[in-house]
Amino acid sequence: MLHITASSGSGPLRDDACSYAAALDDWLATRPAALEAASRPIAAYDQRVAATSTLMGVLYDEGWARYGWPEQLGGLGGDIVHRAVMWDALARHGLPAMALYEHLEVLAPTLVALGDPDFMAEALPRFLRGEQVWSQGFSEPEAGSDLASARTRAVERDGGYVITGRKIWTSWARYARWCLVLARTGTTESRHRGLSAFVVDLQDPGVEVRAIEQANGTDELAEVTFDEVPVGPERLVGEIGGGWRVAMHILAHERGTFGWFRHNFLTREVLDNLSLGGPAGDTLLGNALLDLAAVRASSFAGVQAHAADTVLGPRAAFVKLMLAASEQAVNDWVLASDPDLAVGVQDDHVAVNRQDYLFSRIVTVYGGSQQMQLDTIAKQILRLP
Amino acid sequence: MTSVVESPDREFLDAAGAVLRAATPGEDPLEALGWWDLLAEFDDTDARGAALALFRAQGRELADTAALGALLAQPYLAATGSEPGTLVAVIARRSARGERFVAVGDVAGRALLVDRPGQGASVIPAEKAELVPVTVPGRLTLHEVRVDDTALTPVVTEADAVPARARGLFLGRIAASLEILGAAEQTAALAVAYAGSREQFGRPIGTFQAVRHLLAWAQTDCVALESVVTTAVALDDAAPERHDEVVKALAGRNGRRICERTMQVLGGIGFTAEHDHHLFHSRVLALDALLGTSAELTYALGAWWRESRGDPSAPVRALLAGAGS
């Protein structure tokens, strides 16, 4: 069957997201083998990541994954709306999760905006192709919600920097080549003003990545230690002392648009479990549907705001709260529909349901806890005393 | 986000609020707003958006008009040969105590549209029906409408009524949801102001985190409802199947949740007749009970999703088109 080739970077697909959406739907409807392989439930995390990476490679080679990224960095132009369309389509056509490509949406927009252009011209295409992915080194054992108290240090040496410290809850560090590290270049007392952001090669000597086995049985989180790891000046993202701006850019983006990317896969999770559901769960399912509709409407507005270069600011906290509520509502229903996930794991489908259900209980913690989001709204939006 | 409200709607919202506030008894504020004329221009996106924006203002101001029934009747105007402003639909509701019709607002002097699924739609003058006042707080005029079956002669056949009924329900549910949003956001604003001024233990209660989080949740529920309902207005007939039910169920659920949280912040005063909170709360409860309660819609939507196996999400291409309109 003939299909429009996306890799030519043709104008209509770049300039009109609706044309891109229609062409991508047609292509996905041919059921490419890499999509089939990544759409099966896979309990083993390594295999799931491998299947998704293969799919990313195919999407890049065919051109689809290059839309929404700047031409000078290996993309084919267009904006975030293209990426919003692509992940929506992948979920609708069966892909169950973004896995470590969540970081493509969380980190890459900031790296594109604030990273070294020459370095990113090498790194972004590899990220998009699924060859070299990224992780985010923000949290530390003593700096969780209070990120400004981070202690990892970067010291100037030989025209570059040397990084020493410890990061924790670093998602996908085990699979990643690069880590965006928030490190202290000023004094501890300087709080957020004394932080800078660096790109660290996780294969460098002095870096140790220790996977953390999680309560849901997967191990995508890790503890990463840096023992005098040198980085060149091109690895600085933003300016010295500008690390907080980098972190806020990422978090504002993550909270405002991440809901769009993630909620599509929550809808997928429901669709993949509908045959297990019964009438007893119908009200739970109805509630999940309402919550998903709220995330979809509010996060699409976030995507549009981003495309228009508008900053969502503290209002992103609303989307973050709604997304967590929807993820828990979906998984409340999954638990009711598939109680096997609580008492026995017979196959990969149940195993994945168990992983997802348990993970949904922690979504009110990562990326800024629910309590921090509520505080942000109370202070910066409601202006309470 | 608030910015998704297109600016003509926003302008009309502000204007409607001012007119509804200033309205004197006996005067029809909808006339003053030119609202009835908008019903004849529903092919125009801006006119339709403005007509719907009225309901959010009604919720905020606790205005009492016949607009909801008029909107439900809008798709029947051509088939019944009625002029905008003359026809108001009664709303059927069913409870364990039986099925009944209710009319919202003052319907004296207008014609009543009585649409019975399976039997087509009839029109009778309000004077020919028995209107029994129902007392509900919330500054809302409600009548139970009793009509003799023999007085009902269908003027719109069932075949013609089917699409009009679906369209009327879509518009009516969106409108009721906007009115719930208006009432809920207004009482949330009252509670925020109260938390800033009411002192206990020597400081405003809005400094206590437990209180702040209640209000932040209420605001989150407001924003969620606002996003969903304004997106539905933009989608209009590109909305996916049963999307009006999704919007209405969310409105009822979030509206009630907002009122409960704000009442907790207001404390005892929020449970008195002298404070306005109960009026907003009662308005939300009354609207939740019309055109499908959140409880029955939520359950029905879940059952439908499970059985249909489809994807009920608004298609991304429709969202893109709605954003561009």
Side-chain angles (χ1 to χ4, degrees), chain A residues 17-18 21-22 25 81 84-85 88-89 92 256 263-264 267 270-271 274-275 277-279 281-302 304-305 310 312 315 317-319 321-322 325 333 337 371 373-379 381-385, chain B residues 1-4 188 192 195-197 203-204 206-207 209 211-217 219-232 243 246-247 249-250 253-254 294-295 297-317 319-321 323-324:
Chain A
C18 280
D25 264 335
V81 175
V85 164
D88 171 274
R92 273 189 294 105
H263 93 282
N264 286 306
T267 302
V270 172
L271 293 170
L274 282 175
S275 62
D282 285 347
T283 292
L284 288 174
L285 181 56
N287 267 305
L289 171 51
L290 307 189
D291 287 327
L292 288 168
V295 177
R296 192 165 181 83
S298 59
S299 67
F300 187 74
Q304 286 177 289
T310 320
L312 222 45
R315 299 184 64 80
F318 291 125
V319 189
L321 290 169
M322 286 182 225
W333 171 78
S337 304
Q371 285 63 38
Q373 308 306 315
L374 293 166
D375 277 348
T376 297
I377 292 166
K379 185 178 172 189
I381 292 170
L382 299 180
R383 307 266 172 207
L384 285 165
Chain B
M1 314 281 85
T2 43
S3 60
V4 300
V192 168
S197 61
R203 53 190 176 119
T207 58
Q209 201 171 44
V211 171
R212 297 163 76 86
H213 286 192
L214 281 173
L215 291 169
W217 276 124
Q219 192 65 27
T220 305
D221 276 342
C222 284
V223 171
L225 174 53
E226 183 191 33
S227 300
V228 169
V229 71
T230 50
T231 300
H243 198 61
V246 172
V247 175
L250 184 99
R253 184 194 74 175
N254 283 26
S294 48
L297 290 176
T298 304
Y299 171 78
L301 285 165
W304 166 70
W305 196 4
R306 178 172 55 79
E307 285 161 5
S308 73
R309 307 276 172 95
D311 183 349
S313 313
V316 68
R317 277 185 260 173
L319 290 171
L320 287 167

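Letters A, B, ... mirror the listed sequences (proteins, then strands); counts begin at 1. This is a predicted model, so every value here is computed, not measured.
- Chain A forms more heavy-atom pairs under 4.5 Å with one residue of B/Pro204, B/Gly196, B/Pro315, B/Ala314 than with any other, namely B/Ala314.
- To the nearest 0.5 Å, the span separating OG on A/Ser299 from CG on A/Asn264 amounts to 7.5 Å.
- Residues A/Met322 and B/Val223 are in side-chain contact: their nearest non-hydrogen atoms beyond the backbone lie under 4.5 Å apart.
- Per-residue heavy-atom pair counts under 4.5 Å with chain A were compared for B/Ser294, B/Ala188, B/Ala224, B/Ala300, and the maximum is reached by B/Ala224.
- For chain B, the nearby parts of A/Ser275 are the backbone and the side chain; heavy atoms of each come within less than 4.5 Å.
- A/Gln371 touches chain B through backbone and side chain together, each having a heavy atom under 4.5 Å away.
- The most heavy-atom pairs under 4.5 Å with chain A, out of B/Asp221, B/Leu297, B/Leu250, come from B/Leu250.
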Show the numbers, then the answer: is there a salt bridge (Lys or Arg N to Asp or Glu O under 4.0 Å) between A/Asp88 and A/Arg296? CA-CA 11 Å; A/Asp88 171 274; A/Arg296 192 165 181 83; 2.9 Å; yes
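- Atoms CH2 and CH2, from A/Trp333 and B/Trp305 in turn, are 7.5 Å apart once rounded to the nearest 0.5 Å.
- The contact between A/Ala22 and chain B is made by backbone and side chain atoms together, counting heavy-atom distances below 4.5 Å.
- Comparing A/Ala294, A/Ala317, A/Ala84, A/Gly278 by how many heavy-atom pairs each has under 4.5 Å with chain B, the most go to A/Gly278.
- Without hydrogens or angle criteria, B/Arg306 side chain to A/Leu274 main chain gives no donor-acceptor distance under 3.5 Å.
- Only the side chain of A/Val81 has a heavy atom closer than 4.5 Å to any heavy atom of chain B.
- Both the backbone and the side chain of A/Asn287 come within contact range of chain B, with heavy atoms under 4.5 Å apart.
- Proximity to chain A is limited to the side chain of B/Arg253, based on heavy atoms less than 4.5 angstrom apart.
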Could you go step by step and tell me if A/Arg92 and B/Asp311 meet the salt bridge (Lys or Arg N to Asp or Glu O under 4.0 Å) rule? CA-CA 8 Å; A/Arg92 273 189 294 105; B/Asp311 183 349; 5.2 Å; no
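- No other option in A/Thr283, A/Ile377, A/Leu290, A/Leu382 has as many heavy-atom pairs under 4.5 Å with chain B as A/Leu290.
- Contact tally against chain B (heavy-atom pairs below 4.5 Å) for A/Gly286, A/Ala378, A/Pro385: the top residue is A/Pro385.
- In this structure the side chain of B/Trp304 reaches within 4.5 angstrom of the side chain of B/Pro312, judged on heavy atoms.
- Contact annotation for A/Arg383: neither backbone nor side-chain heavy atoms come within less than 4.5 Å of a heavy atom of chain B.
- Using a 4.5 Å cut-off between heavy atoms, B/Gln209 contacts chain A through its side chain alone, with no backbone atom that close.
- Under the 3.5 Å distance criterion, with hydrogens and angles disregarded, a donor-acceptor pair is assigned to the side chains of B/His213 and A/Asp375.
- With a 4.5 Å cut-off on non-hydrogen atoms, A/Leu289 touches chain B through its backbone and its side chain both.
- With rounding to the nearest 0.5 angstrom, the CG atom of B/Leu319 is 5.0 Å from the CZ atom of A/Phe300.
- For the options A/Ala325, A/Ala17, A/Ala89, A/Pro279, heavy-atom pairs under 4.5 Å to chain B are most numerous at A/Pro279.
- Annotation: the span from B/Cys222 atom SG to A/Phe318 atom CZ amounts to 8.5 Å, rounded to 0.5 Å.
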